[in-house]
Amino acid sequence: MLQQVDRVEGLQRVNDFVVKFANVNGSGSASANSLFAKAVLRMGVASTPRNIFPSNIQGLPTWYQVRVSEAGHLGARGGGTDLMVAMNPQTWDEDVRSIVPGGYLFYDNTKPMPASKFREDIVVLGVPLTEMSNAAYSDPRQRQLFKNIVGLGALATLLDMDVPAIEELLSEQFKGRDKLISANVQALHMGVDWVKANMEYPIGLRMRRANTVGDRSSSKATPRRHSAPCMAAPRCAPGIRSRRRRLWPRRSSATPAACVSIKQAAATNSPIVQAEDEMASIGMVIGAAWNGAVRSPRPPDQAFR
């Protein structure tokens, strides 16, 4: 079983590389991918996540790209991918081609693949994610979901990331659900322990704690559709919420606590990056347009001008 093949000397970079996750839509990968981007931010390094999904139909390809930049570069970087996390057989050939020479390919090596599927100018990192999750879990859905977390643990170890930071994020994400927190932390360490026992780590791409990000709150780094309408407009939140209830009565609305203004973010050097989806994006645009609005003695439905 192919685990680690160093055909060439891999790239050597610290806090400056691009990671791309190639997944199948509906596989539960979005949560693990988001945890990766947030963990980078918690280490004090700017990260710019980007969702790339041609379709929201379950089973079709989806990609999630994260630019890690201690220098604070938040825009898309030209060129290929430094580290490809290839989890979708449908797009394997395309994903492997996109890796820069000397880059890294991380994949699930539970099932053997012919040598022709790899390149000679990249470093191959194989971890038996499916084998581990199948051995630990009996429920098919649990196997799929926890496999993503096992992979996150393995990837974090290879990149020398702060695993306790990921544990902290899991505790926040599943606050009040201790059994779920424990199960996810256990899956995370399955990946960590396997890499430590079977591979050379860390690889040439690695993380190091920095202090280039002011406020490291994950909620400000990756705004979602319900909190995004308040982005850049904390004083306007009540007016936005009333309008959201009118347009989307069945959706929960954002709260002032979830809001952050662009001025506040600039003062603390906190990056505001890509929203979760189109709904969140348009909410951010509306919020930005209303930034600095002043209350007026008008009826509640016309509270802002």
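Since the model is a prediction, treat every value here as computed from it, not as a measurement. If you read the sequence from its start, that first residue is 1, and numbering goes on from there.
Separating the CD atom in Glu70 from the CZ atom in Phe17 is a distance of 11.0 Å, to the nearest 0.5 Å. Atom-to-atom distance recorded for Asn148:CG and Gln144:CD is 5.5 Å, nearest 0.5 angstrom. From Trp194, atom CH2 reaches atom CE of Met199 across 5.5 Å, with rounding to the nearest 0.5 Å. Rounding to the nearest 0.5 angstrom, the gap separating the CG atom in Asn88 from the OH atom in Tyr107 is 15.5 Å. Here the straight-line distance linking atom CG of Leu11 with atom CD1 of Ile122 works out to 11.0 Å at 0.5 Å rounding. To the nearest 0.5 Å, atoms NZ (Lys147) and CD (Glu131) are separated by 12.5 Å.
In terms of heavy atoms, Ala210 sits closest to Val45 at CB-CG2, 3.9 Å. Residues Ala183 and Tyr137 come closest through the heavy atom pair O-OH, 4.1 Å. For Arg141 against Gly26, the heavy-atom pair with the smallest separation is NH1-O, 3.6 Å. When all heavy atoms of Pro49 and Ala37 are compared, the pair lying nearest together is CB-CB, 4.1 Å.
In this structure, Val14 is not a member of the same hydrophobic cluster as Val68, with clusters built from ILVMFWY side-chain heavy atoms closer than 4.5 Å. Residues Val24 and Val19 fall into different hydrophobic clusters, defined by Ile, Leu, Val, Met, Phe, Trp and Tyr side chains chained together at heavy-atom separations under 4.5 Å. By the rule that hydrophobic residues join a cluster once side-chain heavy atoms approach within less than 4.5 Å of another member, Tyr104 and Val18 end up as members of separate clusters. Val192 and Leu145 fall into different hydrophobic clusters, where Ile, Leu, Val, Met, Phe, Trp and Tyr are joined by side-chain heavy atoms under 4.5 Å apart, directly or via other members. Hydrophobic cluster membership is shared by Leu152 and Tyr201, with clusters built from Ile, Leu, Val, Met, Phe, Trp and Tyr side chains linked at under 4.5 angstrom.
Under the 3.5 Å distance criterion, with hydrogens and angles disregarded, a donor-acceptor pair is assigned to the side chains of Thr91 and Asp95. In this structure, a donor-acceptor pair under 3.5 Å is present between the side chains of Thr130 and Asp108.
For Arg50 (side chain) and Gln65 (main-chain N/O), no donor-acceptor pair under 3.5 Å exists by modelled atom type. In terms of modelled atom types and a separation under 3.5 Å, the side chain of Thr62 and the main chain of Asn25 share no donor-acceptor contact.
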- Message: Apply side-chain contact (heavy atoms from CB on, under 4.5 Å) to residues His189 and Glu167 and explain how you reach the verdict.
- Response: CA-CA 10 Å; His189 280 277; Glu167 294 176 359; 2.5 Å; yes
- How far apart are the C-alpha atoms of Ile149 and Leu35, what are their side-chain angles, what is the distance that settles it, and do they pass the side-chain contact (heavy atoms from CB on, under 4.5 Å) test? CA-CA 9 Å; Ile149 304 299; Leu35 282 170; 4.2 Å; yes
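In this structure, the side chains of Val124 and Asn109 stay at 4.5 Å or more apart for every pair of heavy atoms. At least one side-chain heavy atom of Ser31 sits less than 4.5 Å from a side-chain heavy atom of Gln173. Inter-residue side-chain proximity for Val123 and Ile203 is flagged as unmet; no heavy-atom pair is nearer than 4.5 Å. Contact annotation: the side chain of Met207 approaches that of Asn15 to within less than 4.5 Å [non-hydrogen atoms, C-beta and beyond]. For the pair Phe146/Asp139, no side-chain contact is recorded, criterion being any heavy-atom separation below 4.5 Å from C-beta on. Looking at heavy atoms from C-beta onward, Val150 lies out of side-chain contact with Val127 at the 4.5 angstrom threshold.
A salt bridge links Arg42 with Glu172: the closest approach of a Lys/Arg side-chain nitrogen to an acidic carboxylate oxygen falls below 4.0 angstrom. Ion pairing of Lys117 with Asp93 is present here, as a side-chain N (NZ or NE/NH1/NH2) and a carboxylate O approach within less than 4.0 Å. Classification of Arg119 and Asp121 as a salt-bridged pair holds, one side-chain N sitting under 4.0 Å from a carboxylate O.
Classified by interplanar angle (parallel below 30°, tilted 30° to 60°, perpendicular above 60°), the ring pair Trp92/Phe118 is perpendicular.
A ring-centre distance under 6.0 Å is not found for Tyr64 and Phe36.
Sorted by first and then second residue, the pairs that involve residues 151-166 and meet side-chain hydrogen bond (donor to acceptor under 3.5 Å, both in side chains), not counting sequence neighbours, are Asp162-Arg209.
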